[in-house]
Structure formats: structure tokens, C-alpha cells
S.K.: 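There's a structure below that I have some questions on.
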Number of protein chains: 2
Amino acid sequence: MDTTSGSVESGPAALRRTLHQRGLRMTPQRQLVLDAVRDLGHATPEQICAQVQQAAPAVNITTVYRTLDLLERIGMVRHTHLGHGAPTYSEQEHQHVHLVCHSCGSVTESPTDLMDGLAERLLAESDFALDASHVALSGQCRNCRDAEEDQR
Amino acid sequence: MDTTSGSVESGPAALRRTLHQRGLRMTPQRQLVLDAVRDLGHATPEQICAQVQQAAPAVNITTVYRTLDLLERIGMVRHTHLGHGAPTYSEQEHQHVHLVCHSCGSVTESPTDLMDGLAERLLAESDFALDASHVALSGQCRNCRDAEEDQR
DNA sequence: CTACTTGCAAAAACTTTGCGAGCTG
DNA sequence: CAGCTCGCAAAGTTTTTGCAAGTAG
């Protein structure tokens, strides 16, 4: 879908290109943070930092925060509020609805088209343009409901 | 304004009764925190603390945190994640879906039955029991969309 | 007296900011 | 050289914990 040869669109090239457009530099740290976000799926800054530090122990968590902020501003990652206080970061493309169990904390992913109907209603009834992938839905998963029933 | 005549079920009596069942005491601080939660609708611990301190300046924010935790455990308040890191507390009964605009930060409330269809699908397809009011939905409100269109 | 509560202070967890040094072009 | 980046240290926020004193039953 663009210029060069068969370079993978989501590879290092995309990052370097986007950065370069804005007079920013491509650095190992930035690549590592982006890789970590991809590998981990959705993770907190701290988890991402730990992952990055496996490859480059010297990387400071400050850099992780700054890089996540940067990557988000240039649209390569997004963050989602999963419930607790902890925002989690994931790739821009990696969009789905998060189902967080407030009993066991497990996170399940569902396709965003689950929300299509709701999105339409919100737009019609409340003039609100839903961003389906930004927020997690809270509830209770099968296991925890079963466990609770057993207790009774 | 209580005991004597037809005491309202959600008044101080309910709190005292519930606390007493568990060997806990009814204190001015606890009543004040509960009142503040009700008056404010949904508010952060800090906002609640400020409200409480209007009536009783000596109350420490530590007590507010502990009391909110307690009130939540005994089921008299619930907390909702509105997006940022900030949890907000509201009465147990006061349930609705929160729509948070990620452009201007405004919070709108919608009836939870908006989510009924979604809840059914989640239960059927993912065995997930949705708690509609616990998490806010993120998106963009009318004003901000209009503003963005104007820019173009 | 015993157990529950509270305020204060300190600690902990999480995030942001300032600054000097190092790179890159 | 000019500007972007990084690591380190410090400061800011928000929330939790420890402890001694106070209070109800």
C-alpha cells in the first residue's frame, strides 16, 4: 500500500518513517518499547519497561513513559483503561473490546463489532461517538460466577 | 431527622443497621462520607474529602479512603472508572452508563438499559456477566465532533 | 477492659519534570 | 553547532500502612 518494496508495513520501517516525518529520530529505545507493546498485547508501563529491560537493562522507566507518550501522539499505540488505575498500552491496530472480570481480574478480548449496535444507539440517542476499543467492560467471567454459586 | 417517624430506608438508619450487623460502629465520619457520595453523585476520593471537610474540617483523607473502602465492602457505594486514573464513587442505587468524551472530558449519564442488548450477547457468546455501570464508555461528544469538523 | 476508629506521619506506588551529557546530522 | 534523546535524580500525585490515642459498649 505504499512506496517501497515489500517491506512489512508494521515493521521498523513504519516507525522510522513516521518519526522522520516529524523531525524525530529512530532510536533503539523507541523500537524496543514498540516491540514490547506488540509482544505483550496490552500492558502497563511498568510491564513494558520490564520487557524492554530484558533486552537493554539500562533503559530507564522514564524513557518508557516518554516513549509511550510519543508513540501515542504519533498514533502508533493507544492506551486503554482496564479498570484499576493502570492504563495499558497496545498497538493501534490491535482493537477489540476488553472484558475485565472484577473478581479474578482476567482480561478477555472480543471483536469490536460486538459494540456496533450500541454505538449506533449512542449516536442516535445521545449524540455520542463511541470509541469501542478504548475502554474495558467490567463484569464477571464464567469461572467466577460458577465459584460464587458453589459457595452458596 | 430520623428514627422517630417513617424513617427513609436509605437514610442514616440503613447505614447504622448494616454496620451493626457486622459489629461495626456508626460514626459521624462514616455518615458524612456517605452523605458526600450521595450529594456529589460521582466523585473522586479527594472531592469527597473536600465535601466532608466543609462540615468537619478535622476529617483526614485517610479516613475517607478507609471509609469508602468499607462502604464499598458492605455494598452501600460502588466505584466506577471514568477513564483517567481516577476512580469515582457513587451510591449503589445510582446506576447508569457513563459516557466520557476523550476530547473535552465531559461525563454524560445514560440509563443502563442501553446496554441490555449487549449484555445479553456477552452472556450468550462469551459467558461474561456485564456490570454495565462499573466502567465508563469513551468516545466523543457532539460538541467536540462539531468543533473538529469546523477545523477542517 | 476489649475491640473498633481516627488522625497524623511515614511509606509506597505511580508519573512527571529538570538538567547535564551524549548523539546525530 | 543545533536540536533531539537519554539516564539519573528529584519532585509531584495519589493511595496505603503503622501506630498511638480516643471512644463506645
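Here is how names work: the chains are called A, B, and so on, in the same order as the sequence lines, proteins then strands, and each is numbered from 1.
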S.K.: Thinking salt bridges, do B:R121 and B:D116 make one under a 4.0 Å N-O criterion?
M.R.: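 Salt bridge between B:R121 and B:D116, a charged N being under 4.0 Å from a carboxylate O: no.
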
S.K.: Please give, in whole Å, the distance from D:dC4 P to A:D69 CG?
M.R.: 16 Å

S.K.: Relative to the 5' end of DNA chain D, which residue comes earlier, B:P87 or A:N60, by the nucleotide with the nearest heavy atom?
M.R.: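 Comparing both residues, the 5'-ward one is A:N60.
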
S.K.: For residues A:M26 and A:L71: do they belong to one hydrophobic cluster (side chain heavy atoms under 4.5 Å, members Ile, Leu, Val, Met, Phe, Trp, Tyr)?
M.R.: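 Yes, it is one cluster - the side chains of A:M26 and A:L71 are joined through contacts under 4.5 Å.
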
S.K.: Could you work out, with ring-ring contact (aromatic ring centres under 6.0 Å, His included) as the rule, every residue matching B:Y89, not counting sequence neighbours?
M.R.: B:H79

S.K.: Are a donor atom and an acceptor atom from the side chains of A:S90 and A:R78 found within less than 3.5 Å of each other?
M.R.: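 Short answer, no.
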
S.K.: So does B:F128 get a backbone contact from the side chain of A:Q140, meaning a donor-acceptor N/O pair under 3.5 Å?
M.R.: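 Pair absent, no side-chain N/O of A:Q140 close to backbone of B:F128.
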
S.K.: In whole angstrom, give the distance that lies between atom CG of B:L68 and atom P of D:dT15.
M.R.: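 To the nearest whole Å, that distance equals 10 Å.
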
S.K.: Does D:dT5 have OP1 or OP2 under 4.0 Å away from a side-chain N or O of A:T27?
M.R.: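 Checking A:T27 against D:dT5: no side-chain N or O falls below 4.0 Å of OP1 or OP2.
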
S.K.: Looking at B:R30, does any N or O in its side chain come under 4.0 Å of the phosphate oxygens OP1/OP2 on C:dT6?
M.R.: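 For B:R30, the contact criterion (side-chain N or O under 4.0 Å from OP1 or OP2 of C:dT6) is met.
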
S.K.: Are any of B:T63's side-chain N or O atoms less than 4.0 Å away from OP1 or OP2 of C:dT6?
M.R.: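 No, outside the criterion.
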
S.K.: Could you tell me whether the phosphate oxygens of C:dT15, OP1 or OP2, come under 4.0 Å of any side-chain nitrogen or oxygen in A:Y65?
M.R.: yes

S.K.: What's the NE2-C1' distance between B:H20 and C:dA3, to the nearest Å?
M.R.: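 Rounding to the nearest Å, NE2 of B:H20 and C1' of C:dA3 are 13 Å apart.
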
S.K.: Please give, in whole Å, the distance from D:dG25 C1' to B:R22 CZ?
M.R.: 20 Å

S.K.: Is the backbone N or O of A:A14 less than 3.5 Å from a side-chain atom of A:T18, with the two atoms forming a donor-acceptor pair by type?
M.R.: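 Yes; at least one donor-acceptor contact below 3.5 Å.
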
S.K.: Measure from CG on A:L19 to C1' on D:dC6 and round the result to the nearest Å.
M.R.: 15 Å

S.K.: Starting at CE of A:M26 and ending at P of D:dC6, how long is that distance when rounded to a whole Å?
M.R.: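 Result: 11 Å.
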
S.K.: Locate the shortest heavy-atom distance separating A:Q51 from A:A36; write the atom from each residue and the value.
M.R.: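 In this case the closest contact between A:Q51 and A:A36 is CG-CB, 3.5 Å.
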
S.K.: Verify, without hydrogens or angle tests, whether A:T63 (side chain) and A:V59 (backbone) share a donor-acceptor contact under 3.5 angstrom.
M.R.: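 Checking the backbone N and O of A:V59 against the side chain of A:T63, no donor-acceptor pair under 3.5 Å is found.
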
S.K.: Would you call the rings of B:H94 and B:H42 parallel, tilted or perpendicular, taking 30° and 60° as the class edges?
M.R.: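 Correct class here is tilted.
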
S.K.: Separation of A:H79 atom NE2 from C:dC14 atom P, in whole Å?
M.R.: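 So the two atoms are 16 Å apart, to the nearest Å.
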
S.K.: Calculate the interatomic distance between A:R16 atom CZ and C:dG25 atom C1'; express it in whole Å.
M.R.: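 These atoms are roughly 15 Å apart.
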
S.K.: Taking five pairs at each end, how big is the angle between the two axes of the helix from C:dC1-D:dG25 to C:dG25-D:dC1, to 10°?
M.R.: 10°

S.K.: Any base atoms under 4.0 Å from A:I61, or only sugar-phosphate, or nothing? Heavy atoms, all strands.
M.R.: nothing

S.K.: Shorter than 3.5 Å, N or O on both sides, protein versus nucleotides 18-24 of chain C: list them out with atom names.
M.R.:
| from | atom 1 | to | atom 2 | distance (Å) |
| --- | --- | --- | --- | --- |
| C:dG18 | O6 | A:R66 | NH1 | 3.4 |

